[in-house]
Amino acid sequence: MNSLKILKIIKYYILLPLMLTKDFFHLVYEVARHVPKGRVTSYGAIGKYLGSGKSARMVGWAMNAAHSQKKFVPAHRVVNRNGELTGKHHFGHPKLMQKLLEREGIKVKNDKIVNFKNLFWDPAEELKP
DNA sequence: ACTCTGACGAACC
DNA sequence: TGGTTCGCCAGAG
């Protein structure tokens with residue numbers, strides 16, 4: 001049992017559960033709400049910004065519950081790191097996510113965002129304190 | 001208790 | 001550079 005292992009245990013068995021049970025999801029939604037129209041971000045970027053870079057899956061999981069939130073969450077502006085619309089099947093209709101994006105001026109080709117690199121909105125950069 | 005499956009992503013062949 | 005593996009953790013069964 002080395003010190004690195006102990007750190008990991010603290011992080012993943014104490015800190016993360018606290019965040020998850022308290023307000024990790026709400027933080028995710030709050031970040032997502034800051035994504036401007038016509039821009040997109042990624043699951044990993046949000047996770048990283050919130051200090052748990054390795055739990056991008058949890059951000060995706062949070063998005064799954066985003067639709068039932070009172071306040072609107074622009075879940076369609078969150079895609080994976082390659083700019084692919086991997087979450088489109090969770091929008092009622094598979095084409096809905098693409099339509100929502102196109103309505104904001106984003107072009108989508110083969111479930112992939114055109115010019116993703118320039119449209120990418122990084123919370124770590126934009127939401128600096 | 002245990003396995004499996006993901007709206008993920010980095011590291012490694 | 002493209003496929004595979006691995007770490008991650010919440011739910012479902």
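Side chains included, hydrogens not; waters and symmetry mates left out as well; all remaining heavy atoms used. Reminder, nothing fancy here: chain letters follow the sequence lines and each chain counts from 1. Note that the structure is a prediction, hence the values are computed from the model and not measured.
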Colleague: In the structure I gave you, are the side-chain heavy atoms of A:E84 and A:D111 within less than 4.5 Å of one another anywhere?
Modeller: no

Colleague: Let me know the distance between CD1 of A:I46 and P of C:dC8, rounded to the nearest Å.
Modeller: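 Interatomic distance, CD1 of A:I46 to P of C:dC8: 21 Å.
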
Colleague: Does B:dC8 have OP1 or OP2 sitting under 4.0 Å from an N or O in the side chain of A:S55?
Modeller: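 Indeed not, no polar side-chain atom of A:S55 lies that close.
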
Colleague: Below 4.5 Å, heavy atoms only, C-beta onward: do A:V108 and A:V114 meet side chain to side chain?
Modeller: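 They are not in contact (no side-chain heavy atoms under 4.5 Å apart), so the answer is no.
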
Colleague: From CD of A:E84 over to P of C:dG2, roughly how many Å is that when rounded to an integer?
Modeller: 12 Å

Colleague: Taking CD1 from A:I113 and P from B:dA7, how many angstroms apart are they, rounded to a whole number?
Modeller: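 Nearest whole value for this atom pair: 17 Å.
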
Colleague: Can you sort out the partners of A:E126 under salt bridge (Lys or Arg N to Asp or Glu O under 4.0 Å), two or more places apart, ordered by chain and number?
Modeller: none

Colleague: What integer distance in Å separates A:N82:CG from C:dG3:P?
Modeller: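 The distance from CG of A:N82 to P of C:dG3 comes to 12 Å, rounded to the nearest Å.
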
Colleague: List in chain and number order the residues that pass side-chain contact (heavy atoms from CB on, under 4.5 Å) with A:S42, two or more places apart in sequence or in another chain; answer none if no residue qualifies.
Modeller: A:A45, A:F120

Colleague: Please work out whether the ring planes of A:Y29 and A:H26 are parallel, tilted or perpendicular, with thresholds of 30° and 60°.
Modeller: perpendicular

Colleague: Find out whether A:L27 and A:Y49 are in side-chain contact, i.e. whether some heavy atom of one side chain is under 4.5 Å from a heavy atom of the other.
Modeller: no

Colleague: Could you list the protein-to-nucleotides 2-6 of chain B atom pairs, N/O on both sides, closer than 3.5 Å?
Modeller:
unit_1, atom_1, unit_2, atom_2, d
B:dG6, N9, A:R57, NH2, 3.3
B:dG6, N7, A:R57, NH2, 2.9

Colleague: What is the distance from NZ of A:K48 to P of B:dG9, rounded to the nearest Å?
Modeller: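 So the two atoms are 11 Å apart, to the nearest Å.
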
Colleague: How far, in whole Å, is B:dC4 from C:dT5 if one measures between their P atoms?
Modeller: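 The same atom, P, in both gives a distance of 15 Å.
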
Colleague: May I have the distance from A:R77 (atom CZ) to B:dA7 (atom C1'), rounded to whole angstrom?
Modeller: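 Atom CZ in A:R77 sits about 17 Å away from atom C1' in B:dA7.
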
Colleague: Between atom CZ in A:R81 and atom P in C:dG2, what is the gap in whole Å?
Modeller: 13 Å

Colleague: Can you check the A:D111 CG to B:dA7 C1' distance for me, whole Å?
Modeller: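 The answer, rounded to whole Å, is 13 Å.
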
Colleague: Between the base of B:dA7 and the side chain of A:H76, is one N or O donor paired with an acceptor at under 3.5 angstrom?
Modeller: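 Flag unset: no donor-acceptor pair detected.
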
Colleague: So, does A:T86 get its side chain near the phosphate of B:dC8, meaning an N or O under 4.0 Å from OP1 or OP2?
Modeller: yes

Colleague: Charged N to carboxylate O under 4.0 angstrom, A:R39 versus A:E104?
Modeller: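 Salt bridge between A:R39 and A:E104, a charged N being under 4.0 Å from a carboxylate O: no.
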
Colleague: Which part of the nucleic acid, if any, lies within contact of A:N80, taking any heavy atom under 4.0 Å across all strands shown: a base, the sugar-phosphate backbone alone, or nothing?
Modeller: sugar-phosphate

